[in-house]
Amino acid sequence: MDTDITIIGAGVIGLAIGEKLSSYYNNVFIIEKHPSFGQETSSRNSEVIHAGIYYPEGSLKSRLCVEGKELLYDYCRKHNVPYNNCGKLIVATTPGEIPVIQGIKETAAKNGVELDVLDKDQIAALEPNIFALIALFSPTTGIVDTHSLMKQFETGILNNGGQIVYGSEVTGIRKVDKGYELMLLDSDKRSFSFSTGILINSAGLTSDKISEMAGIRDDKLAIQFCKGEYFRINPPKNRLVTRLVYPVPHQNMEGIGIHVTIDLAGGAKLGPDVTYLKSKEYDYRVTPSRQEAFWRSAKKFLPFLEFKDLSPDMAGIRPKTQKPG
Ligand SMILES: Cc1cc2nc3c(=O)[nH]c(=O)nc-3n(C[C@H](O)[C@H](O)[C@H](O)COP(=O)(O)OP(=O)(O)OC[C@H]3O[C@@H](n4cnc5c(N)ncnc54)[C@H](O)[C@@H]3O)c2cc1C
């Protein structure tokens with residue numbers, strides 16, 4: 001074998017795996033088709049460190065989220081990666097939403113996540129500019145600077161002696177005795193190949209294609225492209241909220257509602273919404289006509305918000321295995 005371990009994809013997942021494995025093993029390679037890390041989903045998201053509130057009890061997502069957030073905060077502290085453990089409010093704005101709040105609190109408790117129920121005065125003390133009849137406060141939710149996080153992982157990999165090969169796309173995989181042979185194209189479209197003992201698939205939106213190349217075909221693993229768009233809140237109103245604020249989620253849980261996320265630079269944005277794309281197209285355009293829907297949705301809990309306070313921001317695409325609905 002030319003290499004022991006090869007990881008496909010230098011998004012946050014491939015880099016995190018790469019940093020950990022390269023601290024134990026020599027000969028770890030990461031292959032990335034773009035000229036640098038995090039050019040796809042890992043740079044197009046809300047940068048929220050989730051608490052693990054909504055996941056079904058006992059699920060892998062629940063366990064990994066609850067355990068992972070502590071590991072992530074520790075990692076950020078240890079390596080000076082900027083983060084803010086700002087907390088998150090889930091707000092009920094109509095009487096009908098009040099019982100839902102109680103249900104969310106119970107689900108979260110089953111996952112080991114404690115949430116505080118806040119009345120109007122307590123909400124006003126934290127966030128004087130929002131409207132809510134009642135809210136849940138999640139003290140362990142936060143935000144992280146994802147670029148700095150990925151940069152730190154990259155530095156860790158290189159310091160450990162691992163290697164990252166940018167500008168090279170995996171185009172074929174062949175199972176061979178004791179491992180895999182990879183076929184690749186470099187940035188000049190020249191082909192090359194090498195063999196690896198262990199192959200790790202962290203290719204995000206194309207991870208199902210990678211599985212298929214390796215001979216693993218399973219409809220349950222088919223990736224659906226699910227787009228999320230954002231609108232930013234223009235200054236100076238971006239400073240009127242200092243925590244993450246979410247509405248009570250929709251019943252079908254396809255998304256968790258148009259919410260406010262803040263970033264470490266002091267910005268605030270609304271989103272993401274949820275649109276399943278019909279084709280597997282990297283369509284990162286923001287639809288200006290959606291501004292009305294974003295504004296109407298958010299002004300229920302941001303009474304200060306006027307239509308003109310919003311501008312189109314960015315979009316990301318979630319690689320979902322769940323089908324629409
Ligand atoms: C709108 C939106 C909001 C989100 N908000 C949050 C949030 O607040 N908190 C949170 O925790 N998560 C959030 N997520 C999810 C989070 O962004 C993803 O789970 C995470 O970025 C996935 O990382 P990844 O490394 O798996 O994938 P990616 O970042 O997509 O990385 C995969 C990499 O593989 C490379 N690759 C693919 N195919 C090949 C190939 N054939 N050869 C070589 N390289 C290849 C790609 O170029 C890419 O760089 C959000 C996602 C979206 C879309």
Colleague: I'd like to check Thr107 versus Tyr54 (side-chain heavy atoms, cut-off strictly below 4.5 Å). Are they in contact?
Modeller: no
Colleague: By the definition side chain to side chain contact (heavy atoms under 4.5 Å, CB included), identify the one residue from Leu136, Ile134, Leu126 that meets it with Leu118.
Modeller: Leu126
Colleague: Determine whether Val274 and Cys226 satisfy the following criterion, side-chain contact (heavy atoms from CB on, under 4.5 Å), listing intermediate values before the conclusion.
Modeller: CA-CA 6 Å; Val274 179; Cys226 182; 3.6 Å; yes
Colleague: Rounded to the nearest 0.5 Å, what's the gap from NE2 on His50 to SG on Cys65? Could you check?
Modeller: 7.0 Å
Colleague: Could you work out the complete set of other residues in the hydrophobic cluster of Leu184, with links drawn between I, L, V, M, F, W and Y side chains under 4.5 Å apart?
Modeller: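 Leu184 shares its hydrophobic cluster with Ile8, Phe29, Ile31, Val165, Val170, Ile173, Tyr180, Leu182, Phe192, Phe194, Leu199, Ile210, Met213.
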Colleague: So, Lys33 and Glu40, do they make that salt bridge, N to O below 4.0 Å?
Modeller: yes
Colleague: Is Asp313 salt-bridged to Lys269, cutoff N-O under 4.0 Å?
Modeller: no
Colleague: Please determine whether side-chain contact (heavy atoms from CB on, under 4.5 Å) holds for the pair Ser43 and Met150, giving the CA-CA distance in whole Å, both sets of side-chain angles, and the decisive distance to 0.1 Å.
Modeller: CA-CA 10 Å; Ser43 298; Met150 289 189 279; 3.9 Å; yes
Colleague: Just how far is it from atom CD1 of Ile198 to atom CD1 of Ile5, taken to the nearest 0.5 Å?
Modeller: 4.5 Å
Colleague: Is it the case that more than 12 heavy atoms not belonging to Arg217 sit under 6.0 Å from its CZ atom?
Modeller: no
Colleague: Ignoring hydrogens and angles, tell me if any N or O in the side chain of Ser207 forms a donor-acceptor pair with the backbone of Ser202 under 3.5 Å.
Modeller: no
Colleague: So among Lys320, Lys323, Arg318, which one has a side chain to side chain contact (heavy atoms under 4.5 Å, CB included) with Tyr276?
Modeller: Lys320
Colleague: Are any of the side-chain heavy atoms of Gln122 and Phe137 separated by less than 4.5 Å?
Modeller: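 No, every pair of side-chain atoms sits at 4.5 Å or beyond.
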Colleague: Can you find a pair of side-chain heavy atoms, one from Leu305 and one from Phe294, that are under 4.5 Å apart?
Modeller: no
Colleague: In this structure, would Ile53 and Ile101 fall into the same cluster of hydrophobic residues linked by side-chain contacts under 4.5 Å?
Modeller: yes
Colleague: Can you find a heavy atom in the side chain of Leu310 that is under 4.5 Å from one in the side chain of Arg232?
Modeller: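 Answer no - side chains too far apart.
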Colleague: Between Leu149 and Asp145, is there a side-chain heavy-atom distance shorter than 4.5 Å?
Modeller: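 Result no, sub-4.5 Å side-chain heavy-atom pair not found.
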Colleague: Report the relative orientation of the aromatic rings in Trp295 and Phe307; use parallel for angles under 30°, tilted for 30 to 60°, perpendicular for over 60°.
Modeller: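 Rings of Trp295 and Phe307: perpendicular, as their planes differ by over 60°.
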Colleague: Treating Ile, Leu, Val, Met, Phe, Trp and Tyr as nodes and any side-chain heavy-atom pair under 4.5 angstrom as an edge, say whether Met314 and Val260 lie in one connected cluster.
Modeller: no
Colleague: Would you check if Pro272 and Ser46 make a side-chain contact, meaning some heavy-atom pair closer than 4.5 Å?
Modeller: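 Sidechains of Ser46 and Pro272: in contact.
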Colleague: So, do Gln224 and Pro319 sit near enough that their side-chain heavy atoms are less than 4.5 Å apart?
Modeller: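 No, too far: nothing below the 4.5 Å cut-off.
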Colleague: Would you kindly confirm whether Val144 and Phe153 end up in one hydrophobic cluster when ILVMFWY residues are joined by side chain heavy atoms under 4.5 Å apart?
Modeller: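 Linked, Val144 and Phe153 end up in one cluster.
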Colleague: Is the gap between the ring centers of Tyr75 and Tyr83 under 6.0 Å?
Modeller: no
Colleague: Quick one: do Glu106 and Lys110 satisfy salt bridge (Lys or Arg N to Asp or Glu O under 4.0 Å)? Show the steps, please.
Modeller: CA-CA 6 Å; Glu106 283 161 20; Lys110 286 181 194 152; 5.9 Å; no
Colleague: Donor-acceptor pair, Asn159 side chain versus Gly156 backbone, under 3.5 Å?
Modeller: no
Colleague: Distance-only, no hydrogens or angles: does the Lys227 side chain make a donor-acceptor pair with backbone N or O of Asp283 under 3.5 Å?
Modeller: yes
Colleague: Roughly how far apart are Leu244 CG and Ile262 CD1, rounded to 0.5 Å?
Modeller: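 Separation between the atoms: 5.5 Å.
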Colleague: In terms of hydrophobic clusters joined by side-chain contacts under 4.5 Å, are Tyr166 and Leu185 together?
Modeller: no
Colleague: Applying the 4.5 Å side-chain criterion to the ILVMFWY set and letting contacts propagate, would Val48 and Leu72 be lumped into a single cluster?
Modeller: no
Colleague: Measure the spacing between OG of Ser191 and CE of Met183 and express it to the nearest 0.5 Å.
Modeller: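 Result: 10.0 Å between the selected atoms.
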Colleague: Other members of the hydrophobic cluster containing Leu205, with the 4.5 Å side-chain heavy-atom rule, please.
Modeller: Ile223, Phe225, Leu277, Tyr282, Tyr284, Ile317
Colleague: Is it the case that the side chains of Thr287 and Glu229 hold a donor-acceptor pair, with the cut-off being a distance below 3.5 Å and no angle test?
Modeller: yes
Colleague: Can Tyr55 and Leu64 be said to form a side-chain contact (heavy atoms from CB on, under 4.5 Å), step by step?
Modeller: CA-CA 10 Å; Tyr55 303 126; Leu64 296 181; over 6 Å; no
Colleague: What distance do Cys76 atom SG and Leu71 atom CG have between them, rounded to the nearest 0.5 Å?
Modeller: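 That separation rounds to 11.0 Å.
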Colleague: Determine whether the side chains of Asn201 and Ser211 contain a donor N or O and an acceptor N or O closer than 3.5 Å.
Modeller: yes
Colleague: Are the side chains of Ile130 and Leu302 in touch, meaning some heavy atoms are under 4.5 Å apart?
Modeller: yes
Colleague: Considering residues, nucleotides and ligands other than Lys280, do more than 12 of their heavy atoms fall under 6.0 Å from its NZ?
Modeller: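 Yes.
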Colleague: When Ile, Leu, Val, Met, Phe, Trp and Tyr are grouped by side-chain heavy atoms lying under 4.5 Å apart, directly or through other members, which residues fall in the same group as Leu221?
Modeller: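 Its cluster partners, ordered by chain and number, are Ile216.
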Colleague: Decide yes or no on side-chain contact (heavy atoms from CB on, under 4.5 Å) for Lys237 and Asn129, but give the supporting numbers first.
Modeller: CA-CA 10 Å; Lys237 290 191 180 169; Asn129 299 308; over 6 Å; no
Colleague: Could you state the interatomic distance from CZ (Phe37) to NZ (Lys151), rounded to the nearest 0.5 Å?
Modeller: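 Rounded to the nearest 0.5 Å, the CZ-NZ separation comes to 5.5 Å.
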Colleague: Within a radius of less than 6.0 Å around NZ of Lys61, do more than 12 heavy atoms belonging to other residues, nucleotides or ligands occur?
Modeller: no
